[in-house]
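Below you'll find the structure, written out as structure tokens, and then a few comments.
Chain identifiers are assigned alphabetically (A, B, ...) following the order of the sequence lines, protein sequences preceding nucleic acid strands; residue numbering begins at 1 within each chain. Only heavy atoms go into these numbers, but all of them, side chains included; no hydrogens, no water, no symmetry mates. Bear in mind that the values here come from a model prediction, so they are computed numbers and not experimental data.
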Amino acid sequence: MHCLRLALGLGFCLLLGITLCSLWMYVENWLLVSYIPYYLPCPEILSQYPQPKLLEQKPTELLTLTPWLAPIVSEGTFNAELLRHIYQPLNLTIGLTAFAVGKYTRFVQHFLESAELFFMQGYRVHYYIFTHDPQAIPQVPLGPGRRLSVIPVPGPSQWEEASMRRMEAISVHIAKRAHREVDYLFCLDVDMAFRNPWGPETLGDLVAAIHPDYFTVPRHQFPYERRPVSTAFVADGEGDFYYGRAVFGGRVARVYEFTRGCHMGILADKANGIMAACQEESHLNRRFLSHKPSKVLSPEYLWDDRKPQPPSLKLIRFSTLNKDTARLRS
Amino acid sequence: MDPRDFWGNRTKSCLCLILLFAVLLGFYSNVFSLIPRRQTEKSQSPEAHHVQGRRESLTLSEGDGHLDSCRIPEVPRLLYPKAQLLKPSRVDVLVMTPWFAPVVWDGTFDSALLDVQFRNTTIGLTVFAIKKYVVFLRLFLETAEKYFMVGHKVIYYVFTDRPADVPQIALQDGRQVVVLHVGNYRRWQDISMHRMEMISNFSRQRFLREVDYLVCLDVDMKFSDHVGVEILAPLFGTLHPVFYAADRQSFTYERRPLSRAYIPRDEGDFYYAGGFFGGSVPEVYRLTTACHQAMTADQAQGIEAVWHDESHLNRYLLSHKPSKVLSPEYLWDEQMLQRPPLLRKLRYVAVPKNHAEIRNR
């Protein structure tokens, strides 16, 4: 009698466990997106474009390939027309997240207007504006195939607190809806504006942008988190580029893994009572060191207008708005 | 029921419960460790419908290379020199095509970094040694053991009509030779063209399950320097050593509109060599199937492309742009060509042969 009950109990637990396992696997699969072919199919009628010249005579000023063979995107490295012919037939939807929390709601208008002019022209775009105050988001007229969703988030008590929760909010949002709605997702800072076309040359599995303040600087001067106790710790002899937190993106599933990874690191640090030197940016850089981006955007895609534009950067596409940061953070 | 018996029973059931718990824990920890692998497998859904041309549906398995599967490879801490953004690695040559495919030259990549990114990858190498071409196998395989994908798992697929003549080569750990017995054809052109058909068939039958990437090579060559995972991409081609600096008008594409390999004079990126191409198994399958179908259609029309399978390869790579392009370092002929200074290394070179003697015997 006792053995029978034990056996029944064992059988029941096994059954329960298997059900939970399969449920879990099914849930995980919700997060995966449809397969996008990475060979780049061209339509039968190709537009005429110049033949690539193998023996380049003109000196290229910027590095165009990372040591792990990821392209570094800058003006002159790609043929926009060719890429348009390649990517347009894929019927992609590109998502764009921006956080307008606290006083940052005032930037949304200009951000969206400039995005309407320059961001992914000719593609389906879905803006996700995360804000604590949906009423403060202005109505900006959007072009065809472009829509906007306002995602409510709790208001910040402090600026640092708000920026640290961004990774969590993005990963949760992807899991809840973005994975169904978009193919690629870019996560941008809202206190910036588009100045020139930002197109499919930026699409990739996992995309990072080089921070404009550190691209000429040796790695030991990067503002990495240098305390070993933090999960964002980067040792002295390590580092590829210093990436900016204001621009990153990629395939939706990759961005999900990336933001979750960063969020876990932030949580672990919080549990140890540590806040990384550059908050979220330190964790972003740590993650990009061990999960190298498959495409890197040059500082043309993340520029600071207060700096003079160097000749190596031909076309600034996305840059800061001058603002009084001290006033904003209060 | 007396108290002693009661407590005996309680202890026994407690012990049983603890044992049960331990068993379940052991069981489920194994199941959960299987989940990430299963997830990679399930993430490959069939390709989008907008892909042009006829495609055979191919179930993709976890055998896909890491670039195909939904994972950015994680690299452990490594020490290596930092890339300088304002110092291009090579200024004398193009290192990236206008569609962002890297052109792989010496100096553009860091082998240590790439080896770590590709550490769990199995590479398949296909080579055809039909009729007298078996004589090239020894040198080919011996040099491959020295230079090809060292440190990674490799399977050499040797297609031959003379399995007994395949030499026994000492192989490193994790590498094996698989001899595939196939038929031969009378003309060397037919042998060359039917490579596509055979690779296509075997891709579906076995390569998909056994390897992540396929590299399809000519046998009358030898390796003379490092050929590693820097070449691996979903689809890659190699620049033909004769035409790497030529204008597209002088490429020896098939120029007769009747052929399926036809490319007009104002089109074309590069002239790719038929002796070194590859990619992930699904992509190589698509390429070889498309080329084989095109060649069959041509045969029905009574036309044979000027450079046979190489013409069809070029036609395919024009409309399906490769995700990496290998420089002529990866395919060179020292007897035929003067080595320019831009070629810092020669990695895979032709072995001198007497064409008349070797072919059609």
Part of A/P299 within contact of chain B (heavy atom distance under 4.5 Å) | side chain

Given A/R124 and A/T93, is the side-chain hydrogen bond (donor to acceptor under 3.5 Å, both in side chains) satisfied, shown in steps?
-> CA-CA 5 Å; A/R124 288 205 299 271; A/T93 309; 3.3 Å; yes

In terms of heavy-atom pairs under 4.5 Å, which option from B/V116, B/L85, B/D110 contacts chain A the most?
-> B/L85

Which bit of B/P81 comes within less than 4.5 Å of chain A, counting heavy atoms only: side chain, backbone, both or neither?
-> backbone

B/E74, B/Q84, B/E230, B/K87: which one forms the most heavy-atom pairs within less than 4.5 Å of chain A?
-> B/E74

Once the angle between the rings of A/Y214 and A/F222 is folded into 0 to 90°, is it parallel (under 30°), tilted (30 to 60°) or perpendicular (over 60°)?
-> perpendicular

Any pair with a residue in residues 288-301 of chain A that passes salt bridge (charged side-chain N to carboxylate O under 4.0 Å, His left out), sequence neighbours left out, goes on the list, sorted by first then second residue, please.
-> A/D240-A/K292, A/E300-A/R317

Is it the side chain or the backbone of B/K82 that comes within 4.5 Å of chain A heavy atoms, both, or neither?
-> both

Hey, which of A/T64, A/V73, A/I72, A/L206 is the one that makes side chain to side chain contact (heavy atoms under 4.5 Å, CB included) with A/V296?
-> A/I72

Which bit of A/T66 comes within less than 4.5 Å of chain B, counting heavy atoms only: side chain, backbone, both or neither?
-> backbone

Whether B/F251 and B/F243 hold their rings parallel, tilted or perpendicular, with breakpoints at 30° and 60° = perpendicular

Ranking A/L69, A/I210, A/T216 by heavy-atom pairs under 4.5 Å to chain B gives rank one to A/L69

Using non-hydrogen atoms and a 4.5 Å limit, figure out which bit of B/T97 sits close to chain A: side chain, backbone, both or neither.
-> backbone

With sequence neighbours left out, what residues match B/Y262 under side chain to side chain contact (heavy atoms under 4.5 Å, CB included)?
-> B/P257, B/P264

Test side-chain hydrogen bond (donor to acceptor under 3.5 Å, both in side chains) applied to A/Y301 and A/E201, step by step = CA-CA 11 Å; A/Y301 290 83; A/E201 71 277 2; 2.7 Å; yes

The interface call for B/A112 against chain A, heavy-atom contacts under 4.5 Å, is neither

Side chain proximity check, A/W198 to A/L297, heavy atoms < 4.5 angstrom = yes

In terms of heavy-atom pairs under 4.5 Å, which option from B/D247, B/V104, B/D269 contacts chain A the most?
-> B/D269

Per-residue tally against chain A (heavy atom, under 4.5 Å) across B/F109, B/Y80, B/F270 peaks at B/Y80

